[in-house]
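Working notes, structure below.
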Amino acid sequence: MSIEETENEIVEEFEMFDDWMQKYEHLINLGKSLPMISEEKKTEDRIIKGCQSRVWLNSELKDGKVVFTADSDAIITKGMVALMIRVLSEHTPDEIIDAKLGFVEKIGLTQHLSPTRSNGLVSMIKQMKLDALAYKSKR
Amino acid sequence: MNKQKTISETPIDIEKIRADFPILSKKVNGKKLIYFDNGATSQKPVQVIDAIANYYKDQNANIHRGVHTLSQEITVLYEKARATVQKHLNAKSANEIVFTSGTTESINLVAHSFAKKFINKGDEVIVTAMEHHSNILPWQQVCEERGALLKVVPINNEGELIMEEYKKLLSDKTKIIAVAHISNTLGTVNPVKEIIKLAHEKNIPVLLDGAQAVPHTSVDVQELDADFYCFSGHKLFGPTGVGILYGKEKWLNELPPYKVGGGTIKTVTFEKTEYADVPLRFEAGTPHIEGGIGLAAAIDYVNDIGLDKIAAYEHELLIYATAALQKIEGVKIIGTAKNKASVISFVVEGIHAFDLGTILDQLGIAVRTGHHCTQPLMAHYCIQGTVRAAFAFYNTKEEIDEFIKGLERAIAMLK
Ligand SMILES: Cc1ncc(COP(=O)(O)O)c(C=O)c1O
């Protein structure tokens, strides 16, 4: 599935909910189902700055595609992290760098999460793209 | 207002009070706003809002400058505001009241000016483990600059200062002590009178960070014998951007100016400047005029209700909320001092404070989450942050009930 197709799928998924509590419940469930990363990978240098809750992001290149793993100590944040991974993981560096990620606004994440949290989201997206850029330039 | 402690039997008229705060009838996320983030900033009564609006509609001119009528009238009003603050703190003279931009600036002013003159290599400054960053960083910085040492009074698990340790820290090297009157994170009311008495036995001055105290209690700087007292207007139901530094005149006279510029001088030539007397020496540039006016309106407002009544009512809210929180499984209250203001910090086992805050926000309930600018204190408790509910006199037990319901719902979702 392309990045855009996954984005559309997520937008449709969130459209099923008619109130914000349900959206958050969904986000929480997504957070709970995201595999945790091992403690030794949660190093200080992998903490994303700008998140008030802590987010750790790791990536590796497999067969030309970037695979992201991430974790957070807050479950709603982790739900957001799970969404970002679902959209961006296992794509080529170029696809990740070019991703528009309009779904964030469409499902109301930027609008309905506090600015500090959205800043975290913005920082997370930036870090994912920076990682992709690093893999691209290494090739 | 007289400072006599008259314990009144009449409870506060909560309906009337709430009607004074327009924002309290607002809806947030489709729900009635329940505002418990009073530690961060308080809401403003219409009396304060009107005073500020009226300033711009009817009184705007620069102060201490012009000969024209408007300028003279507003100068009188601004100085009247200073006198209102003086009476409120029971300071000896209006010269002891410096308008600043807030607690943070007040502390920076004292730290920098005091250090310039009195702190040298090998000297010591004492703060406590529960200070807000605004009462740590300025001292840390001047200590670094002057080669002095920052000493920290530890706390016990209840969140009270360990006075025995404080006594041990006092020495000939100690130049100044900076302590919160009330902790913003724990709600602890510190024994500041005793702290000051012990310090004065060694001729050491004490600065009190009163940011969290003035909204909850009356303050008498002479009775406390405080050397410096700092607070912010916005936490006292007044405007943002204005604050107060009280300083004993003898101390203020000793301190060199901090910021310099227009309004701070007697005469200026390119060779030398003769600075004005206190407090104007510390008030460089055009001040936050409507801030001063609004702050005076806020002080009049709380005094009309009566700070004793406010304290009694808030204590009721504190007891009520504490009891309800303790019944919820997994909730741990951080800060259980015997003497406590209406501030409750807590953690819920296995759930991040941000998650709780996010869900509560969806329910229209505003609480603070995080480290509350007290990271060293968080480190003491080995936690990342807490949820904090800080009550003001416009809050109600019904709101606390809603908050408890919301919290239970959030916990169920997040577990
Ligand atoms: C105890 C304490 N000190 C200082 C401050 C800083 O106040 P301001 O940001 O108004 O300067 C605060 C505000 O959170 C506080 O709670």
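So that the names make sense, note that chain A is the first sequence line, chain B the second, and so on, each numbered from 1.
Using a distance-only test at 3.5 Å, with no hydrogens or angles considered, no donor-acceptor pair links the side chain of A:Q127 to the main chain of A:M124. A donor-acceptor pair under 3.5 Å is formed between the side chain of B:H288 and the backbone N or O of B:T240.
By a heavy-atom distance cut of under 4.5 Å, not one residue of residues 397-406 of chain B is near chain A.
The contact between B:I359 and chain A is made by backbone and side chain atoms together, counting heavy-atom distances below 4.5 Å. At a 4.5 Å heavy-atom cutoff, the contact between A:I28 and chain B is made by side-chain atoms alone.
Ring geometry for A:Y24 versus A:W20: interplanar angle of 30 to 60°, hence tilted.
Each salt bridge (Lys or Arg N to Asp or Glu O under 4.0 Å) pair with one or both residues in residues 75-93 of chain A, not counting sequence neighbours, appears once here: A:E9-A:R86, A:E13-A:R86, A:D71-A:K78. Applying the salt bridge (Lys or Arg N to Asp or Glu O under 4.0 Å) rule to pairs touching residues 122-131 of chain A yields A:R46-A:D131, sequence neighbours excluded.
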Side-chain donor/acceptor pairs under 3.5 Å, residues 30-40 of chain B, sequence neighbours excluded:
residue: B:Y35; atom: OH; partner: B:D37; partner atom: O; Å: 3.1
residue: B:Y35; atom: OH; partner: B:T41; partner atom: O; Å: 2.7
residue: B:N38; atom: OD1; partner: B:Y394; partner atom: OH; Å: 2.4
residue: B:N38; atom: ND2; partner: B:Y35; partner atom: O; Å: 3.2
residue: B:N38; atom: ND2; partner: B:A390; partner atom: O; Å: 2.8
residue: B:N38; atom: ND2; partner: B:N395; partner atom: OD1; Å: 3.1

>> Between A:V66 and A:H91, does the side-chain contact (heavy atoms from CB on, under 4.5 Å) criterion hold? Intermediate values first, please.
In response: CA-CA 6 Å; A:V66 187; A:H91 286 279; over 6 Å; no
